[in-house]
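Here the structure comes first, spelled out in structure tokens, and everything after it is commentary.
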Amino acid sequence: MVEQVNSFAIKTKNVSVHYGNKMAIDDVTINFTKNDVTSLIGPSGCGKSTFLRCLNRMNDVIDSCKVQGEFLLNGVTDIYGDSIQVETLREKIGMVFQKPNPFPKSIFENVAYGPKIHGLASTQSELNDIVMESLNRAGLYDEVKDRMDDIATGLSGGQQQRLCIARAIAIRPEIILMDEPCSALDPIATARIEELINELRENYTIIIVTHSMSQASRISQRTAFFHLGKLIEHGDTSKIFTKPDKEQTNDYITGRFG
Amino acid sequence: MNSLNKRLSAEKRFQAYGLFAVALSMFFVLILMWKIFSTGSGAFVRTTIEANVFFNPDFIQVNQNSLEKELYRASYVALADEVVRQNHPKLNEEQFIKVREMYTRKFDYQLRDYLLDNPDKIGQSIIMKITASSDLDQIVKGNYPRDVPEAQRKINDYQLSVLDKLTSEGKVSSVFNFWFFTKGDSRDPETAGIWGAVMGSLYALIICFSFAFPIGLLASVYLEEFVKPGKVTDIIEVNINNLAAVPSIVFGLLGLGMLIGVIGLPYQVPLVGGLVLGFMTLPTIIIASRASLRSVPPSIREGALAVGATKMQTVFHHVIPLSLPGTLTGTIIGMAQALGETAPLLMIGMVAFVMEIPGGPLDPATGLPSQIYLWSESAERGFLEKTSAGIMLLLLFLIIMNTAAVLIRRRLEVKW
Ligand SMILES: Nc1ncnc2c1ncn2[C@@H]1O[C@H](COP(=O)(O)OP(=O)(O)O)[C@@H](O)[C@H]1O
Ligand SMILES: [Mg+2]
């Protein structure tokens, strides 16, 4: 597979992350192709979340966390450089968390918040359109259209997570990071989110952490296997799950450890 | 099995101890309440004596055409004496003095106030319920014994006989004592009211809130959200906790030394009282506010940051609104505490005799607790019931504030 520079949404090189003296990520180099879903898999505690949070600098708020290495957005913009503000970066790289975390405000307010603070809508009707469109894309609009003013924390877990996805896409990011978005959901809600991820792939680059190998094989085109802070193997999902290069990968996907 | 029985009976015993402790504390509360209510309820009624009042223009030297200002300035003292003479004819001078003492000294004000409201009554006669003096009031209420030697009584035999005659004529009656809720302090218990002290406390609390709430909120938000935890914050934390435990009289001294001594703010005023109470409440507010900021889940902050909100936006749009119920609850509880504080008010002079109802935070005033303290110092029985009634009012305000705190917490608290 020949990859051009501009076909990468994010390129990283020699990434190491420490929490205090403890190393969490050890010299990882990985590039994420545009408009693909990339799964990060690996045993618990191997650093998947840590790595994911480096990509939109969510680790900045953790004082003990030190990030080293090179991160390039669209092959040019240094994610940790001075040329980009962290708020602008997060406008481009959205995030969905493991536990649904809607604001305890109305459904409308949840989605409208991002566009409002970034000034994406100049009129109320523009804002309404953005909210509607985002909810639509997140597959939630039909379920909530009659109760936009209800408090978001009253929704079911699956609906809350889709609302968080709507909130993330409302600011029109290029990339969406997801950290085990289905781990707190039941199978039906999970299936719904997986379907959604498949649809979103057309417009967004998605990097998703998952602990479910079957989920990774269902939804992702690319898969990266982490172990003890190291990137063991990275490639097309079909290849990783059928004939991985590394024995460790094979052991993990066949359930021999992890 | 045996050991299970043992454990069960241990539990029974423990429950019995608990019940006993609760019952004992309830018993003391009830005793306290009963004592206050039985003493204080008298303050809500006052004894009056019905009298025929002829607004004789010659005595007050006004006429139908007099302006309100003239009516206000006119002298009613002579009229008051004349009313007594007319209703008790054929008194010698000694008897007159005794009978006059049965009516409140402030009876002339009562006449004036009536005439100001009804200027058309000049030159006419009306029947009026004149407030009795406090000593007579106490006799009628049964708080002073009648069956003791005359020398031990505030009301002498002659006055008692006049009272009995008035009573048999049906002229002695009790009315609801509005004055207690509308008037300021007075030398005479029958005309002393709590309103001046209520307003004094109200102004002080408004100042206290406007000073302590914003500062407390900003300090806690800064400490909790912006500053990196370390040695400095530890030292600040310890100091705030210490400050919360400092006796209130120390804050009073601070107010006296700094606000009055150095800055030169006036003595006796609610502005200074409120600031001192504010110093006192500040640590409570900071502690409550920090606790409630800490209880906002980090996931909310992450959610806001992840859509590109700045730290400021995250804190002001999400964290503070979510922590506000807790902060407000802490603030109200702190202010309820401040409302009951006497020592700081004593230190900054809010214990003086003030008749006027304060019109603002810069007018001399007392506060509720210091008014209660003032009255409790007074020997007269009439002030004893005012003391208890003042305590009842203070307790009522405390109950209202604490209930408000609970309601705010219930209403605004977010369910996760
Ligand atoms: N805030 C933190 N402070 C200190 N250590 C952390 C923190 N977050 C994660 N770690 C450590 O970093 C390592 C990687 O954690 P994480 O990225 O959460 O793994 P994963 O998501 O793959 O389960 C773990 O050993 C974890 O204990
Ligand atoms: Mg994780």
Side-chain angles (χ1 to χ4, degrees), chain A residues 49 52-53 55-64 84-105 109-120 134 151-154 160-161 163-173 176-179 184, chain B residues 217 220-237 289-329 407-416:
Chain A
S49 299
L52 192 73
R53 291 163 59 91
L55 301 178
N56 69 342
R57 292 177 57 179
M58 285 303 282
N59 283 332
D60 286 14
V61 295
I62 302 170
D63 290 326
S64 66
I84 190 161
Q85 280 173 313
V86 68
E87 289 81 20
T88 322
L89 173 77
R90 290 178 189 150
E91 200 182 332
K92 295 201 166 85
I93 308 179
M95 187 159 195
V96 176
F97 297 84
Q98 185 165 358
K99 195 169 157 282
N101 61 345
F103 305 130
K105 301 184 179 211
E109 273 300 316
N110 263 277
V111 186
Y113 182 68
K116 265 192 202 162
I117 59 172
H118 292 293
L120 299 184
S134 309
I151 184 146
T153 42
Q160 285 187 19
Q161 197 59 300
L163 181 67
C164 291
I165 293 174
R167 180 174 74 186
I169 58 186
I171 49 174
R172 305 190 175 132
I176 305 174
L177 311 177
M178 298 185 178
D179 192 351
Chain B
L217 187 66
S220 58
V221 166
Y222 180 71
L223 287 174
E224 207 51 48
E225 301 291 328
F226 288 94
V227 103
K228 276 188 186 158
K231 274 241 162 56
V232 180
T233 50
D234 284 351
I235 293 171
I236 293 175
E237 172 121 34
S289 177
R290 287 185 73 179
S292 79
L293 286 167
R294 235 171 286 154
S295 73
V296 175
S299 65
I300 295 298
R301 295 178 179 82
E302 286 195 324
L305 291 173
V307 292
T310 62
K311 182 102 200 191
M312 272 283 273
Q313 287 171 326
T314 304
V315 169
F316 279 85
H317 296 166
H318 301 281
V319 181
I320 292 181
L322 289 172
S323 73
L324 218 47
T327 308
L328 278 176
T329 305
L407 287 183
I408 286 181
R409 189 157 43 189
R410 289 245 182 92
R411 264 291 166 77
L412 300 180
E413 205 169 47
V414 183
K415 312 266 183 307
W416 302 102

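Heavy-atom basis, side chains included; hydrogens, waters and symmetry copies ignored.
- A distance of 7.0 Å separates OG1 of B/T310 from CD1 of A/I117, quoted to the nearest 0.5 Å.
- A search for salt bridge (charged side-chain N to carboxylate O under 4.0 Å, His left out) contacts involving B/E237 returns B/R290, not counting sequence neighbours.
- The side-chain hydrogen bond (donor to acceptor under 3.5 Å, both in side chains) pairs that include a residue from residues 226-235 of chain B number zero, where partners must be two or more places apart or lie in different chains.
- Side-chain atoms of B/V307 and A/R90, non-hydrogen and from C-beta on, never get closer than 4.5 Å to each other.
- B/P321 does not touch chain A: none of its heavy atoms, backbone or side chain, sits under 4.5 Å away.
- Among the candidates A/V96, A/L177, A/I171, the residue making the largest number of heavy-atom pairs closer than 4.5 Å to chain B is A/I171.
- For the set A/K92, A/Q98, A/M95, A/M58, the count of heavy-atom pairs under 4.5 angstrom toward chain B peaks at A/M58.
- Looking only at heavy-atom pairs under 4.5 Å with chain B, the residue among A/E91, A/Q85, A/K105, A/K99 that has the most is A/K105.
- A pairwise comparison of heavy atoms in A/P104 and B/I300 identifies CD-CD1, 3.8 Å as the closest pair.
- Aromatic rings of A/F103 and B/H317 (six-membered ring for Trp) have centroids beyond the 6.0 Å cut-off, not under it.
- In this structure, the side chain of A/N101 engages the main chain of B/S299 through a donor-acceptor pair within 3.5 Å.
- The shortest distance between side-chain heavy atoms of A/V61 and B/P298 does not fall below 4.5 Å.
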Could you walk me through whether A/K116 and B/Q313 satisfy the side chain to side chain contact (heavy atoms under 4.5 Å, CB included) test, starting with their C-alpha distance in whole Å, then the side-chain angles of each, then the deciding distance to 0.1 Å, before giving a yes or no?
CA-CA 11 Å; A/K116 265 192 202 162; B/Q313 287 171 326; over 6 Å; no

